Asks: 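If you scroll down you'll find the structure; I have some questions about it.
These numbers come from a predicted model, not from an experiment. Numbered from 1 within each chain, the chains take letters A, B, ... in sequence-line order.
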Protein chains: 2
Amino acid sequence: MLESAISQGLRATGRRMTRTRKAVLALLERTHQPLSATDIYSQLQEEHIAIDLVTVYRTVNVLKELGLVAQLDLHHEGQSRYELKEGRTHHHHIRCQICGKIVDLLLCPLKKLTKLIEERTKFVVDDHTLEFSGFCPKCQ
Amino acid sequence: MLESAISQGLRATGRRMTRTRKAVLALLERTHQPLSATDIYSQLQEEHIAIDLVTVYRTVNVLKELGLVAQLDLHHEGQSRYELKEGRTHHHHIRCQICGKIVDLLLCPLKKLTKLIEERTKFVVDDHTLEFSGFCPKCQ
DNA sequence: ATGGTATTTGCAATAGAGTTGCAATAAGGT
DNA sequence: ACCTTATTGCAACTCTATTGCAAATACCAT
Ligand SMILES: [Mn+2]
Ligand SMILES: [Mn+2]
Ligand SMILES: [Zn+2]
Ligand SMILES: [Zn+2]
């Protein structure tokens with residue numbers, strides 16, 4: 001189970017598995033859209049799980065430090081979104097400009113390009129972001 | 001000259017070419033890095049050109065509406081940057097994680113990929129963002 | 001050149017995302 | 001059950017960006 005596997009990662013860095021961390025993890029686990037901090041906050045409110053918004057921020061930051069969660073900064077969305085990495089490989093997203101729906105693109109086409117860029121720019125490439133936006137089937 | 005060409009675009013939309021718009025345009029024209037609003041503000045301060053920060057924001061938004069300026073939201077930079085489109089074609093950037101240097105990547109490798117994504121997701125793709133980060137030659 | 005009018009500007013207030021300080025609470029090893 | 005240390009909630013705060021409004025200014029018509 002994810003929760004106990006994660007407890008280990010938490011303890012290994014002197015951290016503790018808490019009620020709020022369980023709740024955030026469980027929500028991310030069962031949700032298939034990347035969620036913003038306020039999404040997480042209000043979803044847990046609806047489920048009558050008491051958690052402060054600041055705790056949501058601290059929780060996603062811890063999970064990010066442990067490498068369990070990816071932070072997405074989508075273009076023209078004023079806030080970050082978070083999704084579990086668990087199992088899933090590196091991938092990118094497309095977002096509908098009308099309804100906001102976000103779909104995974106289960107591919108990353110940038111391996112070759114990275115080498116080309118390193119040759120041309122003399123940078124060492126460490127990371128990249130790639131995101132598409134447009135109109136989903138329902139909103140066309 | 002850029003300024004008079006732009007005056008036309010401004011007037012065509014019932015707008016006016018002003019002292020502050022000239023100053024922001026001239027700065028973007030002579031600078032080769034994408035600039036944030038506060039960059040523009042403080043650079044003009046140094047040049048003893050009086051302009052309020054809110055006017056900088058309003059100016060880049062107008063230039064964006066006219067299609068003269070591109071807004072970049074780079075990953076993990078809390079603020080947007082702006083660069084003139086004048087002459088330059090669609091392109092992407094790489095940023096140094098140490099010194100913040102931003103270099104143009106004079107290519108966009110996403111035309112074929114866009115079609116593939118449209119077929120797979122049934123979205124109509126309208127836009128994309130692509131950005132690399134790493135370590136520049138000096139900071140390695 | 002002068003005047004009239006709509007646009008633009010600066011200032012102050014405001015909004016929204018995210019962070020920080022600190023006392024109270026709770027996790028978990030003993 | 002106890003003790004120590006990490007975590008939480010609340011409030012205050014930071015930072016980027018936007019909005020309302022009165023004063024200033026661009027620019028068109030005279
Ligand atoms: Mn995803
Ligand atoms: Mn550029
Ligand atoms: Zn990728
Ligand atoms: Zn492109």
Asks: How many Å lie between OH on A:Tyr41 and C1' on D:dT8, as a whole number?
Replies: 13 Å
Asks: Should B:Thr18 be listed as having a side-chain N or O under 4.0 Å from OP1 or OP2 of D:dA26?
Replies: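 Negative; the distance criterion is not met.
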Asks: What integer distance in Å separates B:Tyr57:OH from D:dT19:P?
Replies: 13 Å
Asks: Quick one, A:His75 with B:Gln71, criterion side chain to side chain donor-acceptor pair (under 3.5 Å). Give me CA distance, side-chain angles, the key distance, then yes/no.
Replies: CA-CA 10 Å; A:His75 197 58; B:Gln71 176 176 357; over 6 Å; no
Asks: In whole Å, what is the span from the CG atom of A:Leu10 to the P atom of D:dA6?
Replies: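 Checked: the CG to P distance equals 13 Å.
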Asks: How is A:Ser80 classified with respect to the nucleic acid when contacts are heavy atoms under 4.0 Å: base, sugar-phosphate, or nothing?
Replies: sugar-phosphate
Asks: What nucleic acid atoms does B:Ser36 come within less than 4.0 Å of, heavy atoms only: base, sugar-phosphate, or nothing?
Replies: nothing
Asks: Check whether the side chains of A:Thr13 and A:Arg15 place a donor and an acceptor atom closer than 3.5 Å, and report yes or no.
Replies: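 Side-chain D/A pair, A:Thr13 to A:Arg15: present.
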Asks: Write down the distance between CG (A:Asn61) and C1' (D:dT7), rounded to a whole number of angstrom.
Replies: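 Atom CG in A:Asn61 sits about 14 Å away from atom C1' in D:dT7.
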Asks: Which listed nucleotide (D:dG9, D:dA6, D:dG20) is nearest to the side chain of A:Arg16?
Replies: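 Nucleotide nearest to A:Arg16's side chain: D:dA6.
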Asks: For DNA chain C, which nucleotides open and close the run of contacts to chain B, 5' to 3', at under 4.0 angstrom from a non-hydrogen atom?
Replies: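 For DNA chain C, the relevant span reads C:dA6 to C:dC11.
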Asks: For B:Arg58 and A:Leu53, take the nucleotide of DNA chain D holding the closest heavy atom to each; which residue's nucleotide lies nearer the 5' end?
Replies: A:Leu53
Asks: What is the distance, rounded to the nearest whole Å, between atom CG of B:Leu72 and atom P of D:dA17?
Replies: 12 Å
Asks: Thinking salt bridges, do B:Asp104 and B:Arg88 make one under a 4.0 Å N-O criterion?
Replies: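 Salt bridge: yes.
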Asks: For the NZ atom on B:Lys101, are there more than 12 heavy atoms of other groups (residues, nucleotides or ligands in this structure) within a distance under 6.0 Å?
Replies: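 For B:Lys101, atom NZ is not crowded (no more than 12 foreign heavy atoms under 6.0 Å).
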Asks: Report the distance from atom OH of A:Tyr41 to atom OG of A:Ser36, rounding to the nearest 0.5 Å.
Replies: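 Rounded to the nearest 0.5 Å, the OH-OG separation comes out at 13.0 Å.
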Asks: Is the distance between the ring centroids of B:His90 and B:His128 less than 6.0 Å?
Replies: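 Yes; B:His128 has its ring centre under 6.0 Å from that of B:His90.
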Asks: Using whole Å, what does the distance between atom P of nucleotide D:dT7 and atom CG of A:Leu25 come to?
Replies: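 The distance from CG of A:Leu25 to P of D:dT7 comes to 13 Å, rounded to the nearest Å.
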Asks: Rounded to whole angstrom units, what separation is found between the CG atom of B:Asp52 and the C1' atom of D:dT16?
Replies: 14 Å
Asks: CZ of A:Arg11 versus C1' of D:dA6: gap in Å, rounded?
Replies: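 Taking CZ of A:Arg11 and C1' of D:dA6, I get 13 Å after rounding.
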Asks: Looking at D:dT25, I'd like to know if its phosphate oxygens (OP1 or OP2) sit under 4.0 Å from a side-chain N or O belonging to B:Arg15.
Replies: no
Asks: Decide yes or no on side chain to side chain donor-acceptor pair (under 3.5 Å) for B:His91 and B:Glu83, but give the supporting numbers first.
Replies: CA-CA 11 Å; B:His91 64 277; B:Glu83 72 178 353; 3.1 Å; yes
